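In what follows, residues are counted from 1 in the order of the sequence shown. What you see is a predicted model, and the numbers here were worked out from it, not measured in a lab.
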Amino acid sequence: MLKLQSSVKFLFCIWVVTAFLGCVIPPTYQSNGQYVDTQYQGSTGQYGYDSVLPPPIGFQSPPDVIVLPDTNYVYVVPGISVDLFFWDGWWWRPWEGRWYRSQYYNQGWSYYNNVPSFYYDVDPGWRGYYRDRNWYGHRWNYERIPTQRLQQNWKSWNNNRYWENQRTWGVQGYQPRPQQQRQELRQQRQQQYQQRPEFQRSQQRIQQDQQRQLDLKRQQDLKRQQDQQRQQDQQRQLDLQRQQDQKRQEDQKIQQDQKRQQDLQRQQDQKRQQDLQRQEYQKRQQDQQRQKDLHRQQDQKRQQDLQRQESQKRQQDQQRQKDLQRQQDQKRLKDQQGQQQKKQGQQDQQKQKVDKQKEDKLKEDKLKEDKLKEDKLKEDKQKKSQEEHDRGNSERRR
């Protein structure tokens, strides 16, 4: 396992070194004039012209530009000794036969490995025309455009053909050249530009740099092949080590499986014993619960009997109170009737006597009847109490 970890660390180090070499290798020049990255910069230009940047142009404030007639909306900074153009959202400048561009007019220059297409539309004598305010015999009322206004409007001017259609480039009575004549002028300017000594020297240096890059690329390819071969050898060693580790792991796994089976058997025996103990414990708890339930049932039955007896006694007391109240009501009624009879006067005395006799008789009958009912009620109560007592004895005997 330690050998495997050390091998993995070694491969990781190789990968880091390879990635670092890929970062520092300079990009090759392209032939279509696309932007070339300038992350690597040196003082000798060993890897290309982008390692040597043009000197800065000193501006105290953002410069004004003018638009050049008969161009695809090319703007130039007048009044300075070097050419500084604005076209298609970029600032452009030539230097020692090479071209550079930037998003800013005073910094951030990057090498552009071709001549920008707009340059062959620029008339080489534009400085004299600017100084004389005359464009091929026509009055040239050019307009100085601030940089901020240019940045804000160059796209809309280009899309709407503003200078060409609305302002006629500021040239009075001037008619643009035919397309064929413009193409011929472009070809002539291109040939003249290619014959310049600084351009030819730049091309020779570019070829030398390209050859140097090809040699460097061959060395890198050879080194990459050697690294790949070394990685393959290391991979074989890793595979062999991995096989050995796998075999060792399989042996360890077999031992672990055997030990796991033993542990499993031991756990099963322990579980079986625990199950037996649990069953015995549950049985004891069930017996205890059964006894508790039996005692609870007996207590509930005893309480029910006591409640029933208390209820019966309460009913008897209530019935006795009712009877006593009835007797008191009857006596009160009799007293009221006697008082009424006394108030009637002597004329009704005879009638009262007769009524009294009848009433006495009714009273006797009523008393007899009440006594019979009371005797019967007592007998029923005694009989009922005896039955309940017999029932309770029979249940206790059960």
(message) Grouping I, L, V, M, F, W and Y whenever their side-chain heavy atoms are under 4.5 Å apart, do Tyr104 and Leu84 come out in a common cluster?
(response) no
(request) Treat each ILVMFWY residue as a node, draw an edge where side-chain heavy atoms are under 4.5 Å apart, and state whether Ile80 and Tyr105 are in one component. (result) yes
(request) Answer yes or no: are there more than 12 heavy-atom neighbours, outside Gln152 itself, under 6.0 Å from its atom CD? (result) yes
(message) Give me the atom names and distance for the closest heavy-atom approach of Gly137 to Asn134.
(response) N-OD1, 2.7 Å
(message) Once you measure the plane-to-plane angle for Phe85 and Trp99, does it fall in the parallel (<30°), tilted (30-60°) or perpendicular (>60°) bin?
(response) tilted
(message) Check this for me: does any side-chain nitrogen of one of Arg224 and Asp221 sit under 4.0 Å from a carboxylate oxygen of the other?
(response) yes
(message) Taking the cut-offs as 6.0 angstrom to the six-membered ring centre and 45 degrees off its axis, would you call Arg101 and Trp91 a cation-pi pair?
(response) no
(request) Mind checking the OG-CG spacing from Ser102 to Leu53? Nearest 0.5 Å is all I need. (result) 10.0 Å
(request) Check the hydrophobic clustering (I, L, V, M, F, W, Y; side-chain heavy atoms under 4.5 Å; chains of links allowed) and say if Leu216 and Leu214 are grouped together. (result) no
(message) For the backbone of Asp70 and the side chain of Arg182, can you confirm whether one donor and one acceptor N or O come within less than 3.5 Å of each other?
(response) yes
(request) Determine, step by step, whether Tyr281 and Gln285 satisfy the side chain to side chain donor-acceptor pair (under 3.5 Å) criterion, reporting the C-alpha distance in whole Å, the side-chain angles of both residues, the deciding distance to 0.1 Å, and the verdict. (result) CA-CA 6 Å; Tyr281 178 74; Gln285 285 187 338; 2.4 Å; yes
(request) For the pair Lys247 and Asp251, find out whether any cationic side-chain nitrogen is under 4.0 Å from an anionic carboxylate oxygen. (result) yes
(request) Describe, in one word, how the ring planes of Phe118 and Trp87 are oriented to each other, choosing from parallel (under 30°), tilted (30 to 60°) and perpendicular (over 60°). (result) tilted
(message) Which heavy atom of Gly89 sits nearest to which heavy atom of Gln103, and what is that distance?
(response) O-OE1, 3.5 Å
(request) Give a yes or no on whether a salt bridge exists between Lys223 and Asp227, defined as a side-chain N under 4.0 angstrom from a carboxylate O. (result) yes
(message) Counting C-beta onward and ignoring hydrogens, is there a side-chain heavy-atom pair between Tyr130 and Arg127 closer than 4.5 Å?
(response) no
(request) Apply side chain to side chain donor-acceptor pair (under 3.5 Å) to Arg161 and Asn158, showing your working. (result) CA-CA 5 Å; Arg161 313 306 297 175; Asn158 187 39; 3.3 Å; yes
(message) The test is side chain to side chain contact (heavy atoms under 4.5 Å, CB included); show your working for Val122 and Leu68 and say whether it passes.
(response) CA-CA 7 Å; Val122 177; Leu68 295 177; 3.7 Å; yes
(message) Taking NZ in Lys253 as the centre, count heavy atoms belonging to other residues, nucleotides or ligands within less than 6.0 Å. Is the count above 12?
(response) no
(request) Please report the C-alpha distance between Asp123 and Trp135 in whole Å, then the side-chain angles of each, then the deciding distance to 0.1 Å, and finally whether the side chain to side chain contact (heavy atoms under 4.5 Å, CB included) criterion is met. (result) CA-CA 10 Å; Asp123 195 303; Trp135 187 268; 4.1 Å; yes
(request) Please determine if Asp121 and Arg186 form a salt bridge, counting it only when a charged side-chain N lies under 4.0 Å from a carboxylate O. (result) yes
(message) With side chain to side chain contact (heavy atoms under 4.5 Å, CB included) as the criterion, how do Ile66 and Tyr75 come out once you've worked through the C-alpha distance, each side chain's angles and the decisive distance to 0.1 Å?
(response) CA-CA 5 Å; Ile66 61 173; Tyr75 304 84; over 6 Å; no
(request) Please examine the side chains of Asp64 and Ile145, heavy atoms only from C-beta on, and report whether any two atoms are closer than 4.5 Å. (result) no
(message) With a 4.0 Å cut-off on N to O distance, would you call Asp323 and Arg326 a salt bridge?
(response) yes
(message) Can you tell whether the side chains of Asp305 and Lys301 come within less than 4.0 Å, N to carboxylate O?
(response) no
(request) Using a strict 4.0 Å threshold on nitrogen-to-oxygen distance, state whether Arg290 and Asp293 make a salt bridge. (result) no
(request) For the pair Arg260 and Asp257, find out whether any cationic side-chain nitrogen is under 4.0 Å from an anionic carboxylate oxygen. (result) yes
(request) Say whether, by atom type as modelled, one donor and one acceptor occur between the side chain of Ser394 and the main chain of Arg391 under 3.5 angstrom. (result) yes
(request) Can you see which heavy atom on Gln172 is nearest to which on Asn141, and at what distance? (result) NE2-ND2, 2.7 Å
(message) Does Gln180, at its CD atom, have more than 12 non-hydrogen atoms belonging to other residues, nucleotides or ligands within less than 6.0 Å?
(response) no
(message) If we ignore hydrogens and angles and just use 3.5 Å, is the side chain of His138 paired with the main-chain N or O of Val171 as donor and acceptor?
(response) no
(message) Would you say that Glu280 contacts Arg284 through its side chain, given a criterion of any heavy-atom pair below 4.5 Å between the two side chains?
(response) yes
(message) If I take atom CD from residue Gln316 and atom CZ from residue Arg314, how far apart are they, to the nearest 0.5 angstrom?
(response) 11.5 Å
(request) Answer yes or no: is there an ion pair linking Arg332 with Asp329, defined by an N-O contact shorter than 4.0 Å? (result) yes
(request) Determine, for Lys334 against Glu359, whether the closest basic-nitrogen to carboxylate-oxygen distance falls under 4.0 angstrom. (result) no
(request) Say whether, by atom type as modelled, one donor and one acceptor occur between the side chain of Thr147 and the main chain of Pro63 under 3.5 angstrom. (result) yes
(request) Could you tell me whether Tyr100 and Trp109 have their ring centroids closer than 6.0 angstrom? (result) no
(request) Measure the CD-CD distance between Gln151 and Gln148 for me, rounded to the nearest 0.5 Å. (result) 9.5 Å
(message) A side-chain contact here means heavy atoms from C-beta on lying under 4.5 Å apart; do Tyr120 and Gln188 qualify?
(response) no
(message) Between Tyr112 and Trp90, is the ring centroid distance below 6.0 Å?
(response) no
(message) Between Asp375 and Lys371, is the salt bridge (charged side-chain N to carboxylate O under 4.0 Å, His left out) condition met? List the steps.
(response) CA-CA 6 Å; Asp375 294 335; Lys371 187 175 181 181; 5.6 Å; no
(request) May I ask you to decide if Asp83's main-chain N or O and Arg93's side chain share a donor-acceptor pair within less than 3.5 Å? (result) no
(request) Can you measure from CG (Leu238) to CD (Gln235) and round to the nearest 0.5 angstrom? (result) 5.5 Å
(request) If the plane angle is over 60° it's perpendicular, under 30° parallel, otherwise tilted; pick one for Tyr136 and Tyr129. (result) tilted
(request) Return the minimal non-hydrogen interatomic distance between Trp140 and Pro69, and the atom names on each side. (result) CZ2-CD, 3.7 Å
(request) I would like to know whether Gln325 and Gln328 meet side chain to side chain contact (heavy atoms under 4.5 Å, CB included); could you show each step before the answer? (result) CA-CA 5 Å; Gln325 185 67 32; Gln328 291 176 356; 3.8 Å; yes
(message) Tell me which one of Tyr73, Tyr142, Trp163 satisfies ring-ring contact (aromatic ring centres under 6.0 Å, His included) with Trp169.
(response) Tyr73
(request) Could you tell me whether Glu369 and Lys373 make a salt bridge, using a distance below 4.0 angstrom between a side-chain N and a carboxylate O? (result) yes
(request) Hey, could you give me the CD/NZ distance between Gln309 and Lys313, rounded to the nearest 0.5 Å? (result) 10.0 Å
(message) Can you tell me how far apart CG (Leu150) and CH2 (Trp154) are? Round to the nearest 0.5 Å.
(response) 9.0 Å
